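Counting starts at 1 for both ligands and their atoms, following the listed order. Only a predicted model underlies this, so the values are computations on that prediction, with no experimental measurement involved.
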Amino acid sequence: SGFGLLSIILSYLVGSIPFGLLLSRKSGIDIRSQGSGNIGATNVTRLLGKKLGALTLLCDAGKGFLPIACLSLCTREPLVLGLAGAATVLGHMFPVYLGFHGGKGVATALGLFLFLDPCAVALALLVFLIALWRTNYVSVASLAASASLPLWIWILRGSSWHIPLALVVMALIWSRHRGNIERLRQGTEKPWKKV
Ligand code: G3P
């Protein structure tokens, strides 16, 4: 339907807003050319500190949360909601405003599923913290948490369409971490806290 298509496009456009880049602009450095080169909260923290990093996390999660929350007030159609949810994450990863060169989607997916399955997200967050604590790599924590999410949704009996959505989002997040995985293999990935 026209309504469905419009909501998917709007979700994509909201997801496309590169908050990390916008928030770091004042600092005068282009986060895309330093650290990991990513536009996400991890790289903003790495380059500009905890305050701006936390703000980036909040905004990127917020843009994952808002479109699906608004759309849920208008429709219960799983196909529309699922495609719009995926579109928000895809927007962050391939933003129209940045020539489709975007981020890795972890914070945006966090916001999206915080709305859909808050309990599953709490467990995935626990996986994230344990993985970060054990390995000292944010990328490993992101990979582990995103992989665990579909499982938590299944165990907690979330709406059946949330599981394929979580699987698609996980696959996207993993594919966006190819560079991180390669660096982890070679032992050149940057640790979270300097040791
Ligand atoms: O969410 C992104 C995180 O998993 C890795 O970020 O900057 O270390 O590539 P970064």
> Just wondering, do Trp161 and Leu116 contact through their side chains at under 4.5 Å, heavy atoms?
Replying inline: yes

> For Ser139, is the nearest heavy atom under 4.0 Å from an atom of ligand 1?
Replying inline: yes

> Purely on distance, is any nitrogen or oxygen of Glu189 under 3.5 Å from one on ligand 1?
Replying inline: no

> Any cation-pi pair here, Arg183 with Tyr137, using under 6.0 Å and within 45°?
Replying inline: no

>> Checking contacts here: is it the side chain or the backbone of His177 that comes within 4.0 Å of ligand 1, counting heavy atoms only? Could be both or neither.
In response: side chain

> Is Val106 touching ligand 1 with its side chain, its backbone, both, or neither, if touching means heavy atoms under 4.0 Å apart?
Replying inline: side chain

>> Checking His177 against Lys104: is there a side-chain donor and acceptor pair closer than 3.5 Å?
In response: no

>> Under 4.0 Å, counting heavy atoms only: does Arg46 come that close to any atom of ligand 1?
In response: yes

> Quick one: nearest non-hydrogen protein atom to atom 9 (O) of ligand 1, plus distance?
Replying inline: Lys104 NZ, 2.5 Å

>> Checking contacts here: is it the side chain or the backbone of Leu143 that comes within 4.0 Å of ligand 1, counting heavy atoms only? Could be both or neither.
In response: neither

> Do Thr42 and Thr56 have side-chain heavy atoms sitting under 4.5 Å apart?
Replying inline: no

> Which protein heavy atom lies closest to atom 10 (P) of ligand 1, and at what distance to 0.1 Å?
Replying inline: Ser36 OG, 3.4 Å

> Under 4.5 Å between any side-chain heavy atoms of Leu55 and Phe19, yes or no?
Replying inline: no

